[in-house]
Amino acid sequence: MKPLLRYITRRILFFIPLFIGVTALTFFMVNAIGDPVEMMLAEVPGVSQRQIEMVKKFFGTDLPIALRYFKWLANLLHLDLGVSIYKGKPVLNLLSTYGAQTLKIQLASLAISLILSIFLGVTAAVNQNTKKDTAIMSLSLLCRSIPGFWLGLILILVFSNWLMFFPSYGALSSKEYLFGSRFLDELWHMVLPTLMLIFFDLPAFTLLMRSSMVDVLREDYILAARASGLGKKTVIWKHALKNAIAPVIAYASYTFGVMIASSPVTETVFTWPGVGFLFVDAITNLDYPIIMGVILILVVSVFIASLVADILYVIIDPRIKLE
Amino acid sequence: MSETQSSEKLLKVENLVTYFYTSSGVVKAVDDITFDIKRGEVVGLVGESGSGKSVTCLSILRTVPRPGKIVGGKIIFKGSNLLEKSETEMQKIRGKEISMIFQNPAFSLNPICTIGEQLVEILRWHTGLNKEEAAERVIKLLKAVKLPDPERRFNQYPHELSGGMKQRVVIARALLCNPSLLLADEPTTNVDTTVQAQLLNLLNDLKRDFGMAILFVTHDMGIVAQLTNRVIVLYCGKVCEIADTETIFSEARHPYTKALISSVPRFDYKVSQRQKLKVIEGSIPDPISPPSGCRFHPRCSYADAVCKSKVPEPRELEPGHIVACHHAGEIKWSD
Amino acid sequence: MLIRRYDLKLKSPIKIRIFKENSFWDLAWKRFKRKKLGLIGLSLVLMITVMGIFAPLLALYDPNDQSALIYGPGSYAPPSLAHPLGTDRFGFDVYSRILYGARTALIVGILTAILSSIIGIMIGAIAGFLGGQTDEILMRFTEAFMLVPSFVVILFLVRIFNILSPKTFLGQIPLLNLWIIIFVLAVFDWPPIARVARSQFLKLKDQEFVEAARCLGASNWRIIFNHVLPNALPPIAVLSALEVGNAILSEAMISFLGFGDPHVISWGQMLTFAAQDMQVAPWVVIAPGVFIFLMILGSNLLAESLSDALNPRLKE
């Protein structure tokens, strides 16, 4: 346990300056170019200068930028991320509600993609250069080339507009739940966006699994295992897969960490109330509390994901040690 | 061959043909070879890289990797043809009746399993032993291969062992179920020379204790002299010569065999006798389009028109001495 | 292909033929031709290039021509002889806009690829060649860049620059948004190229011909440009080909979300409106997407076969 804790502490220590650097930079950039309060109130007719000053004072935009940043950092320590200038709600609340929605589809897609990719990748590697392999490889390459967001639109076109199987927007029906169950209704809305995300993730995982598996299958110890009489299934699924899975797991962890990256597009296509959607809104309006909150999550989740990936590598492969 | 004579022979390989169907062409790795191995015998399989030695071993076990395929011939082990057996039946033979040890010990052990886990798994796969009994037997075997501190090594991973220790584990793995035939594919090539000597002694002792036959693949004539009873010389997928070890070294009939033996550096010559190292002119032929006739003819100093056009069939010159050369027995060696 | 190289001591031009018979490049081209996929990729990219270059000739209407509203079938018209791909909500001819959109796509793709390659090669070369501390620092920097999920940050930066630049002198430049997008994309896509460049340089700097050149008195820069770079280029070329497709996709996504350049015609931007009009005019969604797909597919296939052609790998 001890070396693990030391390793994690060291990583966190290295991370803190990076964290401060990135958040400070973002903060200054957003605030240097304009005052969101002014932007927001510029469109509202009949607002007096004094009222603008009052709102600015409330949101704290009358203070100099550096001071504002430190205030934000200080608030961070007791988990106060500020209040959204446009929506008027606390950022933490917004992030958790919207974040939950993003997590729903991203986790579902990740899990399904991972499991499917293991089957597809192993099958392709075991049958290398046969028709099965070529089919899987070509499909994966093809899917990688299709612009994901366009596919989302086509999915809506086909399944929502023409076939009317699935809803085309939102996470929940506004009037009646599907079959009266809220759970089923949520699942029903999740289908199309998750499908689109699987389209992003599955090809990458499959190709990685395949190439890792191909390398492992070439190794002598696999031949030795077969020469010792072990059955084909045992050799492939127990010995080969255990050796080949490490990069895939690491990549899955990384994908999880950067899930925010694929969310703006997906959530805009399906009008899904997730963090990406929130973010696009926020940068349009320069709603900096939300922007800061999202960047914060981004940086922290990337850090955690890479840390988890490194630790997983150590767990899976006894040859690798923590440095 | 009468019944009693064939029952002495543990393994009979007849006209084995194994090709590799690559995108650059068909590699004729093993092209019609015939030999046999008696119970408890140590037979050396000698040849240059690419002569088909390893592929022969893999063919016997029927674990030839893609794109290779056994195209013809028979492999008769203990009376039945292995090439006609199903995959399930073969799994009962691999690791149990016929075992193999590989060239590079570092790569033939699964890096993410402990030594104990790997060996116990194989033992339990073939026998019905439970975990404790299997573990006991594995440790006994690790002691037999003279692995120092076997109980501790049992729980260690391959990367924690030295090359020599790994190879001992590999040998132990091969002997788990007391096989009658051990296929050793150049097991001492990738270890230090001191370790090499230890391993060869170990194999000698184990042969005495376990009584298995060994097919020892090597390109090192020194090891052949030390270890083997009989020698099979391969060249470019075909048999050149088969004879007892003594006969091979004293009365080799095939020009290739003679050249192999002559190319071993000798330390017993007096200073006046010492000459330049003898080399075999030319290089290994292309296995996709080998030379016509006798495959060795481009590099043979005794070759003539017949050698170029006709493939020499193996002939039994004397009992137990088989040569595949048109001019076997007629050649007077020049040195 | 002939290049002129100046011998260091003699100061006279020595002509060297690169594409010799059975030279590396020759064999690579032969391998490339064998793979049908590579040719398909190349032809896709060429087709779209031709579309873009000759857009004014091939287009049936001016892309901003709204005459369909008055004289033609109006907005949301299905494909017909007059309008092969139909019209969109503003009465624009979809086919003509696609052609002009090809220009934007190509500009973004190619320029981003070139820019990110230059940055990547420079950083990778310096890191690989100088080694030691510089290498360590540069590599940490590169890794940090790679970890960051770029799209979110790109959106953010594009937005910032969009607001900022009109206020400064930069606001005078036409198509500023487009250049901003190209610049930001390149700034985030150089790490993989830097990594490859560095490993190539590490491998090559210890080789003998570099030692030989040094003995002749060549400076470091000369060595990098004349000797090491030509040998290091193949894997970098593969990444650049991929980058073209990536950049086009990124630009399409940025425009789709509404942060693109409003002065140019972009396939992504066409999809923004198309998405909203899907119920009424489904054909408007299909065309731009298909072309984005073809462009990306083309560059991916090109990259795959370039990689196979330049790195003969045993597949068996």
Separation of R226(A) CZ from M100(B) CE (nearest 0.5 Å): 12.5 Å
Out of curiosity, K96(B) NZ to S228(A) OG, how far, rounded to the nearest 0.5 Å?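 Rounded to the nearest 0.5 Å, the NZ-OG separation comes to 13.5 Å.
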Proximity breakdown for K232(A) and chain B, heavy-atom pairs closer than 4.5 Å: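 Contact with chain B is through the backbone of K232(A) alone.
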Counting only heavy atoms closer than 4.5 Å, note whether L217(A) contacts chain B via side chain, backbone, both or neither.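 Contact with chain B is absent: no heavy atom of L217(A) under 4.5 Å.
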Got Q91(B) and T234(A) here, is their nearest side-chain heavy-atom distance under 4.5 Å?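 No, every pair of side-chain atoms sits at 4.5 Å or beyond.
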Answer whether the closest heavy-atom distance between the side chains of N110(B) and K242(A) falls below 4.5 Å.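 A side-chain contact under 4.5 Å is absent here.
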Would you say [atom1] of [X] has more than 12 non-hydrogen atoms from neighbouring residues, nucleotides or ligands within 6.0 angstrom?
X       : atom1 : value
Y251(A) : OH    : no
E136(B) : CD    : no
F210(B) : CZ    : yes

Could you report the tightest heavy-atom contact between [X] and [Y], atom names first, then the distance?
X       : Y       : value
S108(B) : A224(A) : O-CB, 3.7 Å
R66(B)  : Q128(A) : NH1-O, 4.3 Å
G229(A) : W125(B) : O-NE1, 2.9 Å

Of the backbone (N, CA, C, O) and the side chain (C-beta and beyond), which part of [X] lies under 4.5 Å from a heavy atom of chain A, both, or neither?
X       : value
E87(B)  : side chain
R173(B) : side chain
L176(B) : neither

Most heavy-atom pairs under 4.5 angstrom with chain A, which of L183(B), I101(B), L109(B)? L109(B)
Counting heavy-atom pairs under 4.5 Å with chain B, which one of D317(A), N243(A), I222(A), I316(A) comes out on top?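 Of the options given, most contacts go to N243(A).
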Applying side-chain contact (heavy atoms from CB on, under 4.5 Å) between Y221(A) and each of C113(B), P158(B), P111(B), report the one that passes. P111(B)
